[in-house]
Amino acid sequence: MTSVADGGTVPAANGTSSVPNEDVPLAELNTKIKSGKATKRKTQDSNGGSKPKRKATAKVVKDESDDDVPLASVQSPEKPKKNRKDGSKSKTKIKKEDVPNGKAGSEDVKSESEGKKPKKEESEQPGRQGEDEEADEAFKWWEAMDVDGEQKWESLEHNGVIFPPEYEPLPSHVKLYYDGVPVDLPIEAEEVAGFFAALLETDHAKNPTFQKNFFEDFCKVLKDAGGCNVNIIDFNKMDFSKMHAYFEMLKEQKKMMSRDEKKALKLEREKFEEPYKFCLLNGRREQVGNFKIEPPGLFRGRGAHPKTGKLKKRVYPEDVTLNLSKGVKIPDPPAGHKWAEVRHDNTVTWLAMWKENITDSFKYVRFGNTSSVKGMSDFKKFETARNLKYHIDAIRKDYNKMLKDPLMQNRQMATATYLIDIFALRAGGEKGEDEADTVGCCSLRYEHVTLKPPNKVIFDFLGKDSIRFYQEVEVDPQAFKNLRIFKKPPKQPGDDLFDRISPPMLNKQFQTYMKGLTAKVFRTYNASKTMQDQLDLIPNEGTVAEKVVKFNAANRTVAILCNHQRTISKTHSAAVEKIHDKLRELQWQKIRIKRMILQLEPNLKKKEPKYFEEIDDLTKEEIKAVHEAVLEKQRESVRRRFQRENEKLSAEKKPLLEESELKERLSKVDELAEEYKEELKTNKPVVKKSATVEKLKTQVETLENRITNTTFQLKDKEDNSEVSLSTSKINYIDPRLTVVFSKKFGVPIEKLFTKTLRDKFKWAIESADENWRF
DNA sequence: ACTGAGACTTAGTACAGTACTC
DNA sequence: GAGTACTGTACTAAGTCTCAGT
């Protein structure tokens, strides 16, 4: 069995490894580079030169480092010997106890049988399994796991996919208008126009690229369908408002349906979907994920996607390839249709597949997240990440050393690894001209990194999903020097910083340290490691609610590390403003009561100066604003109560209250207003006769508590407004960490995982005990 | 050695469903 | 109990990474 000692004995990284061989003159190096990555890059000029985007071949960086070290040699990254098909499968089993020396996961760990039935026996009796749902539910793959190997399943049977319903034409009175004229669209074109009409009020519909792409595709569909009564040539003359209104009306109708109607509809839908929801995987009933074929519509690309708004075509059975066991029943295609193809490939995990017309890529129907296949791969992912802890020290040591390597390529490798490790950047592969311009580590360009000596770096770029990555950070001095070199002229905006490396090269390098190590593993590792460290800091005290808050705070650190964002909800700023107002009012109340105390006992001010320090914290203007808000609130509540009382009286058929009564009640508020006005001048609030210093001080205390709570609430709201916790919880934080926290701190798992997550992470919930560590 | 196809994970958003407030 | 705010789920786009074919 391999042990932790491995960590220290892994082969050194390229460039720092023993033999300084294969020295190649620089000239040759350049050729290599050119024939490699650089040639792939499309030239700016080819697309009209609108954006200062990818330049042609990045200029060769001067053969000098900061220290004028010549770039000496090229070393082709060592080819990791791989032997995928050696057929030897290693059985692994999630164990209750952590292996002391840590090797688990994909390395060979013998699975103690512990009397568990081998999987094979079970799957040979699908019939029996099928009868007993309990048995299905209870199957614990994590106690009999075969994680390695090419083959993904033994047997697979399913009922195919659900196609979206055929298009139903609009009622004849609902039309598109062009230049004020109602248009008789052929049904195909009407459908496409409808797609746009449905989005009329969204940002997409206002996006010129979206409009242009939509219009092009719409015109083509219209032409192919034989045209219409009007000559449509100008998008701006199209009026979708009638169509839009119709869709809104339908939505409204749906909303207005009674509870029972909705329920019945839902039941019917579920009954129809039932057969597609499950499949037979190795003889066990398991969930299918997305069994619905994506409906046609307009492509909603994120960020500045050149293809956004294009028509995503309807998918027919003739486009769909099925995958299932040989010899099992092939689901019938919809009447009058046939499948594109039926495959029997057990090395993949999809049940159906089709090609999508926008980006020319594949879409898959897969197993659900609760399935054993997905669960195993999730488990494997976390074990790989966990395994990194035995190698990370060596890796860090090596790249820190290699930051000074004379060879430019090696410096870039080291610097990229550093950024990926420390700032959790993604690998950043090449992207095409017909995609949104987003970057990751290897595709960072000149303009994405600003250097501020001595060692401050500002990253500012759009990452995956066009989410902005903005960070001002201090970096390792050598990394700083390197970035400066990578930016040296003749490089200029538009040029790649890392022009001599690519994600595959990085990954190849990583594999020399550890099997399965790739760039993305660093994100998983650092995320889970961070979570573990944060959880370790939480004291086991307080209420469940308090513990949950602290857990979420730990979760948030991870989310921030991974730059997981969400758009601020429309109501957010209003909600924040509300809390701010509330806080100011509380503050005012507190000050007011303290002033009352001073009226009762003026000499206290000298005795306890600290306590009364804050009584002048609010300006007159602020106080006035609070007064107005408070008074307005009171008036509003008086009016509301008046109205409610009247409604009640009216229901009881009794005479209503007179308007004069309302005036009478409102005048009480006016009296208060006068009182406040006076108070604003004198700074002496009226003190109730019954008040004592004791009582008032208690009131101050209560207010202070409320202020603390509200401040906390506000901070939480603001901190969370742009941070999405769920992504890291679903993808990056080893679920066993959460399970351990739950067990150790006595927080019900329901408070930490939603139902779906509990199903997804069942393996973790049932396998981790409270001593488990990442 | 390079490239693109293919397959899988990761990601934010829209919207439905639920909880909370007045 | 209606209206509103928040939460969870469904959806599908956008990444990463491997491998086969040239």
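All heavy atoms count here, side chains included; hydrogens, waters and symmetry mates do not. Every value quoted in this text rests on a predicted model; they were computed, and no experiment measured them. Naming: A, B, ... by sequence-line order, numbering from 1 per chain.
- For A:Lys431 and A:Thr438, the side-chain atoms include at least one donor-acceptor pair closer than 3.5 Å.
- Aromatic ring orientation, A:Phe272 versus A:Tyr276: tilted (interplanar angle from 30° to 60°).
- Set against C:dA14, C:dG8, B:dA14, the side chain of A:His305 has C:dA14 as its closest nucleotide.
- Rounding to whole angstrom units, CH2 of residue A:Trp354 and C1' of B:dA7 are separated by 14 Å.
- Both A:Gly463 and A:Pro504 sit near DNA chain C, but only A:Gly463 has its closest nucleotide nearer the 5' end.
- Using a 4.0 Å cut-off between charged side-chain N and carboxylate O, A:Lys760 and A:Asp378 make a salt bridge.
- For the pair A:Arg300 CZ and C:dA14 P, the interatomic distance rounds to 12 Å; values are reported in whole Å.
- The phosphate of C:dA10 has neither OP1 nor OP2 within less than 4.0 Å of any side-chain N or O from A:Lys292.
- Ring orientation note: the planes of A:Phe761 and A:Trp763 are nearly perpendicular, at an angle over 60° on the 30°/60° scale.
- In this structure, A:Glu356 atom CD and B:dG6 atom P are separated by 14 Å, rounded to whole Å.
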How would you summarise protein contacts on nucleotides 8-13 of chain B per nucleotide, using B for base, S for sugar-phosphate only and - for none, with heavy-atom distances below 4.0 Å? BBBSBS

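- At whole-Å resolution of the value, NZ in A:Lys254 and P in B:dA14 are 17 Å apart.
- Between A:Trp350 and A:Tyr364, the ring planes lie tilted relative to each other; the angle falls in the 30° to 60° range.
- Which of C:dA13, C:dT16, C:dT9 sits closest to the side chain of A:Thr756 comes down to C:dT9.
- The shortest distance between side-chain heavy atoms of A:Phe510 and A:Leu388 does not fall below 4.5 Å.
- The backbone N or O of A:Tyr732 sits less than 3.5 Å from a side-chain atom of A:Ser528, completing a donor-acceptor pair.
- Using a 30° and 60° split on the angle between ring planes, A:Phe196 and A:Phe210 fall in the tilted class, from 30° to 60°.
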Distances under 3.5 Å between nitrogen or oxygen atoms of protein and nucleotides 1-3 of chain C:
none

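- Listed nucleotides: C:dG15, B:dA7, C:dT12. Nearest to the side chain of A:Thr438: C:dG15.
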